[in-house]
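Numbers for residues simply follow the sequence, beginning at 1.
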Amino acid sequence: MKAWIWPRTSDGKPGRQGRRDFRKSRSEFFEKFATPGGPVKVIIDGINSFARRIPTGVVYSAYLIPAVWLFYQGVYGGLGPDPVKALEHELGKTALQLLIIGLCITPLRRFTGLNLIRFRRAIGLLAFTYVVLHLLVWAFLDVQSLSRVAQDIIKRPYITIGIAAFVLLLPLAATSNNWSVRKLGPAWRKLHKLTYLAVILGGIHYIWLVKGIQIEPLVYMAVILGLLSLRLVKTPKRGPAARPNR
């Protein structure tokens, strides 16, 4: 409420300048809502302003806590009769969800103006972390034999596809730093387009590993293909200073 208090004159009455400032700010506020897209723009601008003040460390913490919680549940019987399989499944699904969230960032910026680009690196590295945890649980807690791991990769197509997605993510995780961006230059963006293939392979891996036709993996794949198709839609440039989409 303090923002609306008018400056007072010596006799305690509202000052003329204070009234003018109040009317001007009120007029600007309602003008934004009166124009087409005004309410949405006000909300988007507010979210962007708030997002700029959030440290990226908050994103890392928010998404690493679930991993710790999953392992805790696995140890103390909170994941059902087959905790290893459940843990393996949940870690893999979270990795795919994070890859999909990463895909959302560019379309959100292009079509709505919502700018979460500063969190994309954190989301990508978190996705890679969950993929690594997913593979470690599978290899050391589920299969428990390196020779069998190698055999499964060769003999089981859905595992082969999953490993291929992991291999594609390796150079992306290794170059997710400022030094690599400077060193690689324009090639950095081209390299990181491997994310598109990796997330498609991740979706196929999910569809293939479940038994029978299930809705959830198909929904994930539909979302992936939808987000990728949005990159083919051309949007008008906002002016000479418009920056290319990543």
Side-chain angles (χ1 to χ4, degrees), residues 60 63-104 120-176 180 190-228:
Y60 286 108
Y63 256 98
L64 287 175
I65 290 173
V68 176
W69 176 244
L70 283 171
F71 277 100
Y72 173 84
Q73 285 188 305
V75 171
Y76 290 97
L79 294 180
D82 193 348
V84 172
K85 280 290 184 185
L87 178 61
E88 182 184 327
H89 175 77
E90 289 300 322
L91 291 171
K93 191 162 73 170
T94 303
L96 189 57
Q97 289 170 356
L98 283 163
L99 288 171
I100 292 172
I101 291 170
L103 284 184
C104 290
R120 185 161 61 180
R121 180 183 299 180
I123 291 169
L125 289 173
L126 283 165
F128 179 76
T129 300
Y130 272 89
V131 169
V132 171
L133 292 174
H134 172 68
L135 286 175
L136 289 176
V137 170
W138 167 69
F140 292 101
L141 297 182
D142 187 1
V143 180
Q144 300 182 359
S145 169
L146 292 179
S147 60
R148 278 190 58 200
V149 165
Q151 291 173 6
D152 282 352
I153 293 173
I154 296 170
K155 292 181 178 180
R156 302 189 180 205
Y158 75 90
I159 295 179
T160 308
I161 289 172
I163 294 296
F166 169 68
V167 171
L168 289 175
L169 291 175
L170 282 172
L172 307 187
T175 56
S176 290
S180 295
K190 293 180 180 179
L191 175 65
H192 278 251
K193 286 183 179 179
L194 288 174
T195 306
Y196 306 156
L197 181 56
V199 72
I200 290 173
L201 292 178
I204 295 171
H205 170 73
Y206 187 20
I207 291 172
W208 210 332
L209 72 86
V210 298
K211 296 179 180 179
I213 297 176
Q214 295 188 23
I215 297 297
E216 187 177 15
L218 295 176
V219 170
Y220 274 65
M221 180 56 79
V223 172
I224 291 166
L225 296 177
L227 290 170
L228 291 177

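Taking both residues in full, the closest heavy atoms of Ile123 and Gly102 are given as CG2-N, 3.9 Å, listed atom of the first, atom of the second, then distance.
Relative ring orientation between Tyr72 and Trp69 is described as parallel, the plane-to-plane angle staying below 30° on a 0-90° scale split at 30° and 60°.
His192 meets the side-chain hydrogen bond (donor to acceptor under 3.5 Å, both in side chains) test with Thr175, Trp188; sequence neighbours excluded. Taking the side-chain hydrogen bond (donor to acceptor under 3.5 Å, both in side chains) definition, one finds that Ser145 meets it with Ser147, sequence neighbours left out. The side-chain contact (heavy atoms from CB on, under 4.5 Å) search around Ala122 returns Val59, Tyr60, not counting sequence neighbours. Remark: Ala173 pairs with Leu125, Phe128 by the side-chain contact (heavy atoms from CB on, under 4.5 Å) rule, at least two apart or across chains. Under the side-chain contact (heavy atoms from CB on, under 4.5 Å) criterion, Gln144 pairs with no residue at all, not counting sequence neighbours. In terms of the ring pair (Phe, Tyr, Trp, His ring centres under 6.0 Å) criterion, Tyr130 has no residue partners (sequence neighbours excluded). Partners of Arg121 under the salt bridge (charged side-chain N to carboxylate O under 4.0 Å, His left out) rule, at least two apart in sequence or in another chain, do not exist in this structure. Among residues two or more places apart in sequence or in another chain, the side-chain contact (heavy atoms from CB on, under 4.5 Å) test is passed with Asp82 by Val84, Lys85.
Sorted by first then second residue, the salt bridge (charged side-chain N to carboxylate O under 4.0 Å, His left out) pairs that include residues 68-78, not counting sequence neighbours, number zero. Residue pairs satisfying the salt bridge (charged side-chain N to carboxylate O under 4.0 Å, His left out) criterion with at least one member in residues 146-164, sequence neighbours excluded, are listed as follows: Asp152-Arg156. Sorted pairs that involve residues 157-171 and meet side-chain hydrogen bond (donor to acceptor under 3.5 Å, both in side chains), not counting sequence neighbours, are lacking altogether.
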What pairs of donor and acceptor atoms, side-chain ones from residues 217-224 against any protein atom, are under 3.5 angstrom apart with sequence neighbours left out?
| residue | atom | partner | partner atom | Å |
| --- | --- | --- | --- | --- |
| Tyr220 | OH | Gln97 | NE2 | 2.8 |

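Checked by atom type and distance alone, the side chain of His134 pairs as donor or acceptor with a backbone atom of Glu88 at under 3.5 Å.
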